[in-house]
S.K.: 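Submitted below is the structure of interest, expressed as structure tokens.
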2 protein chains.
Amino acid sequence: MTLTRHGRAPAGYDPSAFPSFAVTVDVVVLTIEGGRLQVLLVQRGLEPFQGSWALPGGFKRPYETLDEAAARELREETSIQDAPTLRQLGAYGDPGRDPRMNVVTVAYLAVVREVGEIVAGSDAAGAALVSVAEALDGALELAFDHGRILADAVERARVDLEQTGLAISFVGTTFTLAELRAVYEAVWGVTLDPANFRRALIAEDGWIVPTGKRAQPGPAGGKPAELYKAGRSWAYGSPIRRPRRAREKGAR
Amino acid sequence: MTLTRHGRAPAGYDPSAFPSFAVTVDVVVLTIEGGRLQVLLVQRGLEPFQGSWALPGGFKRPYETLDEAAARELREETSIQDAPTLRQLGAYGDPGRDPRMNVVTVAYLAVVREVGEIVAGSDAAGAALVSVAEALDGALELAFDHGRILADAVERARVDLEQTGLAISFVGTTFTLAELRAVYEAVWGVTLDPANFRRALIAEDGWIVPTGKRAQPGPAGGKPAELYKAGRSWAYGSPIRRPRRAREKGAR
DNA sequence: CTAATAGTGTCTCTAAGACAGTATTCC
DNA sequence: GGAATACTGTCTTAGAGACACTATTAG
């Protein structure tokens, strides 16, 4: 048979008439630690990428959706049971991206407060949280095209931080305004004015709800910060806009 | 063999140990005609979607990238030889999305000034430009999950119109400000003030460059509009921001 | 002439941003 | 007390938006 105009096989198709692929799902798990954006990477003992780091991932199964496959991979490799912010980044299918076989991978972005216990697998030489800056500047050898995927994921996180309520996924159920501000500062690489940040959040109801409790001050002291929980408005967007003229991080 | 922790087959893998898929590429071609956003759809004579409309698309081949596959499909079905704005939307792999076989499709968005001659294929009962509003409100029966893909494409276009220089892809090499404004109005479904629109574009150099020529007025008369060409700044973004409080289209 | 479209000038109001000053903690 | 962090109040300014007005065409 020949391929039809649409490239799809008609009703009585012959499976040998079109190329077949393995389809995998890779997950970029981002979190904030020490005021810096971090990504979860695993190290594998397998050729031809022995010793290099890779994103966690695995095969899609025929009877699950892509979203379900990503959620399953996340559950299998971390102690994260439920990641509401698991979102698709895109598909990567360059020929030769996996030298062993014909693989199209679909990348996902997950944003979590903490990674928790990392589930050690049989073939994993290790797994670690790595600074995104380090992973992207070439200091770390990344397998496949995972460097490109990671770069795309970070760019997506920067956009979503402004367009969606992604920010609260980085913090716990209760948080201080300084913690929330640190999320924006780490992902965007900027410094935000604490006073204006607060004002944007309390200008309208729905962003933050006071709990009445206070956080413990750090070792250097300071006034104890109020603890808030997230309001309903995060379902629709973010109260903080990305600064047009980015103030360098650390500048004042 | 068993699947490894990463779900990938190790060096001496057995191809029968993981599920295989057909990978297709579908292209959402958007254009503006008559002040309305339109999409290119094809009608097919094949079961089980006989009589329904679908996005143009076809199989990815092993030795091309996904981007190349999308560009090839676009060339094969329209007279568009080169679409600089061909961008990936995402992957769609729900089980059963194609009842005939196991298919993961990767959707692309192309924005063009005009579709030109539509290349008729052997199995295509027809091809047409259809209003996006009509295609999405259920008036038209769309095959597979192409309704969802189209909805995602339109949402992406709305975002990219603000974040990137997508707008000039909708117009020709020279254009009037009214034409350019119509792009923003059609995609966002809003009415923009012509005066403020002009001001945003001439506030900085780099957005529009006067050609010295003037367009012919329409049948209703009016002052002939200056013809401009696009400046360099469109590579980095858009001078027009999406209105926060959307004025209804047609309101004044 | 009127209707229609292109283009100019100007006013108002909001929100971003800068920053001085106060409150409460640790040392 | 001083240093550090949390929080409040206020001023300035850039930009979005509204809209009156002028210019040039078709009929």
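Quick note on labels: first sequence line is chain A, next is B, and so on, each numbered from 1. What you see is a predicted model; the values in this text were computed from it and never measured.
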S.K.: Once you round it to whole Å, what is the distance between C1' of C/dA6 and CD1 of B/I208?
M.R.: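 Checked: the CD1 to C1' distance equals 13 Å.
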
S.K.: Quick one: B/D193 CG to C/dA6 C1', roughly how many Å, whole number?
M.R.: 13 Å

S.K.: Any side-chain donor paired with an acceptor under 3.5 Å for A/Y92 and A/D152?
M.R.: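 Indeed, the side chains of A/Y92 and A/D152 share at least one donor-acceptor pair under 3.5 Å.
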
S.K.: Using atom CD of B/Q216 as one end and atom P of C/dA6 as the other, report the distance to the nearest whole Å.
M.R.: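 Nearest whole value for this atom pair: 13 Å.
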
S.K.: Rounded to the Å, how far apart are A/I240 CD1 and C/dG17 C1'?
M.R.: 12 Å

S.K.: Go through the structure and list residues passing salt bridge (Lys or Arg N to Asp or Glu O under 4.0 Å) with A/R158, not counting sequence neighbours.
M.R.: A/E155

S.K.: To the closest 0.5 Å, what do you measure between OH (B/Y108) and CD (B/E73)?
M.R.: 12.0 Å

S.K.: Quick one: list whatever passes side chain to side chain donor-acceptor pair (under 3.5 Å) with A/R156, sequence neighbours left out.
M.R.: A/D160

S.K.: Quickly work out the A/L192 CG to C/dA16 P distance and round it to whole Å.
M.R.: 12 Å

S.K.: At a heavy-atom distance below 4.0 Å, what parts of residues 159-169 of chain A sit against DNA chain D?
M.R.: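 Within residues 159-169 of chain A, no residue comes under 4.0 Å of DNA chain D.
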
S.K.: Are A/R148 and A/D94 within salt-bridge range, i.e. N to O under 4.0 Å?
M.R.: yes

S.K.: Calculate the interatomic distance between B/W188 atom CH2 and D/dA16 atom P; express it in whole Å.
M.R.: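 That distance rounds to 11 Å.
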
S.K.: Does A/N196 or B/A195 map to a spot on DNA chain D nearer the 5' end, using the closest nucleotide for each?
M.R.: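 Taking each residue's closest nucleotide, the earlier one in sequence belongs to A/N196.
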
S.K.: Expressed as a whole number of angstroms, how long is the span from B/E204:CD to D/dA14:P?
M.R.: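 Taking CD of B/E204 and P of D/dA14, I get 14 Å after rounding.
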
S.K.: Going by salt bridge (Lys or Arg N to Asp or Glu O under 4.0 Å), name the residues that satisfy it together with B/E33, two or more places apart in sequence or in a different chain.
M.R.: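 Here no residue qualifies.
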
S.K.: Between B/R72 and B/E76, is a salt bridge (charged side-chain N to carboxylate O under 4.0 Å, His left out) present by the stated rule, with each step listed?
M.R.: CA-CA 6 Å; B/R72 176 175 54 74; B/E76 286 176 6; 3.3 Å; yes

S.K.: Using atom CZ of A/R199 as one end and atom P of C/dC19 as the other, report the distance to the nearest whole Å.
M.R.: 14 Å

S.K.: Which residue pairs pass the side-chain hydrogen bond (donor to acceptor under 3.5 Å, both in side chains) test with at least one member in residues 227-239 of chain A, sequence neighbours excluded?
M.R.: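 Residue pairs passing side-chain hydrogen bond (donor to acceptor under 3.5 Å, both in side chains), neighbours aside: A/Y184-A/S238.
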
S.K.: Polar atom pairs between nucleotides 3-6 of chain D and protein, under 3.5 Å, N or O only, would you list them?
M.R.:
| unit_1 | atom_1 | unit_2 | atom_2 | d |
| --- | --- | --- | --- | --- |
| D/dT5 | O2 | A/K223 | N | 3.1 |
| D/dA6 | O4' | A/K223 | O | 3.3 |

S.K.: Out of A/L30, A/V154, A/L150, which residue meets the side-chain contact (heavy atoms from CB on, under 4.5 Å) rule with A/L109?
M.R.: A/L30

